[in-house]
Amino acid sequence: MSNTQARVPLKARKVSFSWDDTPLHWVPGDPFTTHTINVLHLLLPAGERWFVHVYKQVLPLIRDDRLRADVVGFIGQEAMHSQAHDEVLPHLREQGLDPTPYTAQVDWFFEKLLGDRTLPPGRARRWWLLERVALIAAIEHYTAFLGNWVLNAGELDRRGADPTMLDLLRWHGAEEVEHRSVAFELFLHIDGSYGRRVRTWATAFSALVFLWQRGARFFMENDPTLVDGKASFRDFYVRGRRGLLPGTGDMLRSIPRYLSRGYHPAQEGDTEQAVAYLAASPAATAAERRVS
């Protein structure tokens with residue numbers, strides 16, 4: 001595994017996907033796995049729009065030209081991620097799953113609870129900005145974890161998962177691995193407080209677990225093909241053991257890594273693997289052809 005991140009400019013790949021042939025249960029015979037991963041389409045667009053909004057406020061505080069370039073590239077990639085997942089939502093509606101009740105809650109979380117506040121210029125306003133930068137660093141630890149997982153989730157292929165959906169997930173996951181160090185390095189650059197890192201990790205982890213399980217329950221309860229659809233932690237644990245979802249033990253072991261004082265995201269994932277996937281991804285290569 002490569003533990004060094006090559007210093008190549010980050011670029012947004014303007015991908016597009018066609019969902020005409022993607023079934024409701026794109027992991028055949030497994031609505032729970034399908035819908036647990038589908039939560040990404042509801043959770044990520046609002047979160048990544050929020051990342052972009054916060055980082056545009058931070059740009060004037062960056063004193064390192066290389067880091068500034070990385071942050072600009074990060075903003076471009078995150079904006080494209082948000083758009084790509086947003087485009088799945090009409091497909092879900094066509095199949096009888098209207099995500100609006102859940103997405104309204106997610107929008108409130110990012111736009112209101114974590115949005116801009118009416119604070120006086122100076123210390124209070126800067127404190128809130130630094131808190132959100134640290135929150136993004138913690139969240140990006142888990143998006144990189146998930147990106148690394150999906151790049152290596154061969155069981156999804158063996159179960160016949162829809163190739164277009166897998167390409168969306170792996171294109172996104174590969175870019176998360178590719179830019180995995182940016183959020184943490186930005187946090188170190190403008191603050192780096194270990195106490196803030198621990199505090200915001202606890203907030204981010206709790207929020208992600210809460211929103212994800214709520215989203216999985218929403219999908220299972222509203223799937224028009226299911227009678228009395230349920231989502232449980234046991235379902236998640238079992239599918240993690242089978243390789244269909246991230247393993248619970250792997251997720252728990254990621255916690256002390258992030259909280260270690262010597263942590264750096266370059267320790268997570270494999271840049272060479274991510275770049276290799278981006279060079280082969282049907283959507284990413286089609287995007288390259290359109291701009292060349």
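Predicted, not measured: the structure shown is a model, and the values here were computed from it. Sequence positions, counted from 1, serve as the residue numbers for this chain.
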Practice prompt. Report the distance from atom CE of Met220 to atom OG of Ser232, rounding to the nearest 0.5 Å.
Written response: 9.0 Å
Practice prompt. Quickly, which of Phe184, Trp201, Tyr263 forms a ring-ring contact (aromatic ring centres under 6.0 Å, His included) with His141? Name it, please.
Written response: Tyr263
Worksheet entry | Gln213 side-chain N/O to Phe210 backbone N/O, donor-acceptor pair under 3.5 Å | yes
Fill in: Derivation of the side chain to side chain contact (heavy atoms under 4.5 Å, CB included) call for Gln77 and Glu176
CA-CA 9 Å; Gln77 290 189 342; Glu176 291 296 334; over 6 Å; no
Discussion item. So, using ring pair (Phe, Tyr, Trp, His ring centres under 6.0 Å) as the criterion, who are the partners of Phe74 when residues are at least two apart?
Written reply: Tyr55, His179
Worksheet item: Which word best sums up how the rings of His41 and His85 line up, parallel for under 30°, tilted for 30 to 60°, or perpendicular for over 60°?
Response: tilted
Discussion item. Atom CG of residue position Asp21 - does it have more than 12 heavy atoms of other residues, nucleotides or ligands inside 6.0 Å?
Written reply: no
Practice prompt. Would you indicate whether the side-chain heavy atoms of Arg196 and Trp127 approach each other to under 4.5 Å?
Written response: yes
Worksheet item: Are Ile75 and Glu78 close enough that some pair of their side-chain heavy atoms sits under 4.5 Å apart?
Response: no
Practice prompt. Please answer: with hydrophobic residues joined when any side-chain heavy atoms are less than 4.5 Å apart, are Leu186 and Val198 in the same cluster?
Written response: yes
Worksheet entry | Ring-face cation contact, Tyr194 with Arg261, 6.0 Å cut, 45° max | yes
Worksheet item: Would you say the side-chain atoms of Trp128 and Asp116 include a donor-acceptor pair closer than 3.5 Å?
Response: no
Worksheet item: With a 3.5 Å cut-off and no angle check, do the side chains of Glu140 and Thr143 form a donor-acceptor pair?
Response: yes
Discussion item. Test salt bridge (charged side-chain N to carboxylate O under 4.0 Å, His left out) on Lys230 and Asp235; report intermediate values, then the result.
Written reply: CA-CA 9 Å; Lys230 301 289 186 183; Asp235 293 324; over 6 Å; no
Worksheet entry | Sub-4.5 Å side-chain heavy-atom contact between Leu92 and Leu42 | yes
Worksheet item: Do Trp19 and Phe17 have ring centres separated by under 6.0 Å?
Response: yes
Worksheet item: How are the rings of Tyr142 and Phe145 set to each other: parallel, tilted or perpendicular (split at 30° and 60°)?
Response: perpendicular
Item to complete: Nearest 0.5 Å please: distance from the CD atom of Gln273 over to the CG atom of Asn148.
Response: 6.5 Å
Worksheet item: Quick one: are Trp50 and Leu135 in side-chain contact, heavy atoms under 4.5 Å?
Response: yes
Practice prompt. Kindly determine whether Asp107 and Arg49 satisfy salt bridge (charged side-chain N to carboxylate O under 4.0 Å, His left out), including the steps that lead there.
Written response: CA-CA 10 Å; Asp107 288 344; Arg49 285 192 295 269; 3.8 Å; yes
Discussion item. Among His81, Arg180, Lys11, Arg170, exactly one meets side chain to side chain donor-acceptor pair (under 3.5 Å) together with Glu175. Which residue is that?
Written reply: His81
Worksheet item: Would you call the rings of His25 and His35 parallel, tilted or perpendicular, where under 30° means parallel and over 60° means perpendicular?
Response: perpendicular
Item to complete: Check whether any side-chain N or O of Ser82 sits under 3.5 Å from a backbone N or O of Ala79 as a donor-acceptor pair, and report yes or no.
Response: no
Practice prompt. Taking the side chain as every heavy atom from C-beta outward, state whether Thr36 and Trp212 have any atom pair closer than 4.5 Å.
Written response: yes
